[in-house]
Amino acid sequence: MTTKDIANIKGCSDRQARQIKSDIKAYFNKEERHNFITFKEFSEYTKIPLEDIEVFILD
């Protein structure tokens with residue numbers, strides 16, 4: 001999941017999306033740079049149903 005994906009889904013700026021991504025990585029103990037965030041992890045962290053996120057994935 002990229003910063004642009006987060007910004008698109010949440011409707012926030014790139015800077016806010018980077019902070020959200022950083023918060024999610026910390027929440028799931030993914031400290032290393034090469035560890036990616038999945039859409040499922042994003043859904044779990046933000047409490048946004050995966051079905052609502054799928055609309056943005058397909059675009």
Side-chain angles (χ1 to χ4, degrees):
M1 180 163 212
T2 66
T3 303
K4 281 194 175 273
D5 292 329
I6 295 170
N8 190 22
I9 293 167
K10 295 283 285 178
C12 62
S13 69
D14 285 341
R15 184 178 181 137
Q16 290 172 315
R18 280 193 303 273
Q19 182 60 52
I20 293 168
K21 188 174 181 180
S22 176
D23 293 344
I24 295 171
K25 280 188 167 197
Y27 182 80
F28 287 104
N29 294 319
K30 293 186 168 193
E31 299 299 327
E32 295 190 32
R33 185 178 179 127
H34 67 274
N35 290 336
F36 298 103
I37 296 170
T38 65
F39 287 99
K40 184 177 178 183
E41 290 168 338
F42 176 80
S43 171
E44 183 179 329
Y45 181 81
T46 60
K47 307 291 190 242
I48 299 172
L50 202 53
E51 297 80 30
D52 294 344
I53 295 171
E54 288 175 349
V55 174
F56 294 97
I57 297 170
L58 299 174
D59 285 343

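The first residue in the sequence is number 1, and the count goes up from there.
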By side chain to side chain donor-acceptor pair (under 3.5 Å), Lys10 pairs with (sequence neighbours left out) none
Sequence-distant partners of [X], side-chain contact (heavy atoms from CB on, under 4.5 Å), two or more places apart:
X	value
Asn29	none
Phe36	none
Arg33	none
Gln16	Cys12, Ser13

With a 3.5 Å cut-off and sequence neighbours excluded, list the donor-acceptor pairs that the side chains of residues 44-53 form with protein atoms.
{"from": "Thr46", "atom 1": "OG1", "to": "Phe42", "atom 2": "O", "distance (Å)": "2.8"}
{"from": "Thr46", "atom 1": "OG1", "to": "Ile48", "atom 2": "N", "distance (Å)": "3.4"}
{"from": "Lys47", "atom 1": "NZ", "to": "Glu44", "atom 2": "O", "distance (Å)": "3.3"}

Interatomic distance, CD1@Ile24 vs CD1@Ile37, rounded to 0.5 Å, equals 4.5 Å
Return each pair, listed once, that meets salt bridge (Lys or Arg N to Asp or Glu O under 4.0 Å) where at least one residue sits in residues 12-30; pairs must be two or more places apart or across chains.
Lys30-Glu41
